[in-house]
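Indexing begins at 1, ligand by ligand and atom by atom, following the structure's order. What you see below is based on every heavy atom in this structure, not just the backbone, and it leaves out hydrogens, waters and symmetry mates. Each residue takes its place number in the sequence, starting with 1. What you are looking at is a predicted structure, and each value in this text was computed from that prediction instead of being measured.
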Amino acid sequence: MASFDKDSLSNTFVVAIAICLVCSVIVSGVAVALKPQQQLNKALDQKQNILRAAGMLGDSGSEDAQGRTVDELFAQFDVHVVDLNSGEYIADIDPANFDPIRAAKDPDLSAALSGSDDIATIRRRENVSLVYIRRSAGVIDKLVIPVRGYGLWGTLYGYLALDADLQTISGLGFYSQKETPGLGGEVDNPSWKAKWPGVKLYGDDGSPQVRLVKRRAPASSPAAQYEVDALSGATFTTRGVENLVNFWTGELGFGPFIKRLKASA
Ligand SMILES: Cc1cc2nc3c(=O)[nH]c(=O)nc-3n(C[C@H](O)[C@H](O)[C@H](O)COP(=O)(O)O)c2cc1C
């Protein structure tokens, strides 16, 4: 019987290729097998972010003080697809299969923003997006919208929650950002996030007026109700957050939808 020559060049290649094939089959198999779990984890993570922005879940942990799970709490929300231009609901798109950020990359599903309109520096805005609404006895008591905008190093992605009056901010939280830890990264600091609930959104002219400031106006002045403390040493991130809040609650964001919702209340 011919013996296997371990030192020949061709046999070395055959063995190397065989090992590569076996490894790639194992890696692909594991990736395919784990995909459903990864998608479930991603969905759970988004639900947690929405609940945290709405002040219904602490910054850590996956249950509220009464022991309700993320799924139980999230079930209190209705998820709707809305047309950002008209502010109307769209019934024929399934919110479970719609990704606004992916839509923003598709020229058929989004529109380019021109310089002065693009205050959040997102370049393209999706035509259609998602809203999360919690009702109590049939009356809206929380509205959560997805928000995003450029800071210093990259785009910050998060959720903004409004109270029942659709005028008072209930919370703001980011689930993805590239700012420097200790500087712009302080957007994730719970003590800074705690400054958002209660801040007012729309001025008398109906446009969003949120300002992130180094020096607060006197508490008695009308400007004070729209103000949040700036992040120290992070002027660019601060400006980015101010701009993204005002963009997504304004005319080119969810402004038309929020106006409709107020009118129908
Ligand atoms: C290494 C490094 C990282 C920085 N990271 C941020 C950041 O994440 N966000 C930000 O706005 N500024 C950041 N800055 C600071 C800006 O370059 C700029 O100096 C700062 O925004 C000025 O803010 P101030 O006017 O509050 O001092 C960073 C600077 C350095 C050197």
Side-chain angles (χ1 to χ4, degrees), residues 42 45-46 48-55 57-60 100-102 104-105 112-126 129 144-162 168-203 207-255:
K42 205 173 153 194
D45 190 47
Q46 288 304 315
Q48 283 179 330
N49 290 313
I50 290 162
L51 293 169
R52 287 190 178 125
L57 193 67
D59 272 327
S60 58
I101 293 166
R102 190 177 297 170
K105 293 176 185 151
L113 293 170
S114 68
S116 60
D117 285 341
D118 190 14
I119 57 169
T121 323
I122 55 170
R123 294 206 194 102
R124 302 193 70 83
R125 196 220 62 193
E126 56 277 23
S129 190
V144 184
I145 58 172
V147 294
R148 67 178 186 281
Y150 211 80
L152 175 63
W153 303 117
T155 302
L156 297 99
Y157 296 87
Y159 290 98
L160 176 74
L162 304 184
T168 307
I169 293 175
S170 170
L172 172 69
F174 296 102
Y175 59 88
S176 172
Q177 52 86 7
K178 298 189 174 95
E179 306 307 285
T180 312
L183 294 172
E186 289 296 287
V187 287
D188 290 337
N189 187 325
S191 63
W192 187 72
K193 292 200 307 190
K195 295 176 188 295
W196 284 87
V199 171
K200 301 294 176 200
L201 196 49
Y202 296 107
S207 66
Q209 300 289 327
V210 171
R211 295 284 169 263
L212 271 64
V213 293
K214 286 188 178 167
R215 187 175 300 203
R216 302 286 293 267
S220 56
S221 84
Q225 58 188 328
Y226 304 105
E227 290 181 352
V228 179
D229 290 341
L231 295 161
S232 57
T235 298
F236 293 103
T237 310
T238 295
R239 208 53 61 227
V241 172
E242 178 183 296
N243 286 337
L244 72 89
V245 168
N246 289 325
F247 176 83
W248 286 105
T249 52
E251 272 307 299
L252 292 170
F254 291 88

Side chains of Q48 and Y175: do they bring a donor and an acceptor to under 3.5 Å? no

Less than 4.0 Å from some atom of ligand 1, heavy atoms are found in residues L152, W153, E179, T180, L183, G184, K214, G233, A234, T235, F236, T237

Test applied, side chain to side chain contact (heavy atoms under 4.5 Å, CB included); reference residue, L162; option that passes from L201, V144, I145: L201

What are the two closest non-hydrogen atoms of E227 and V199, and how far apart are they? O-CG2, 3.8 Å

Cationic N near anionic O, under 4.0 Å, D229 to R216: yes

Closest approach of Q209 and Y226, non-hydrogen atoms and distance? O-CB, 3.3 Å

For I119 against N243, the heavy-atom pair lying closest together: O-CB, 3.2 Å

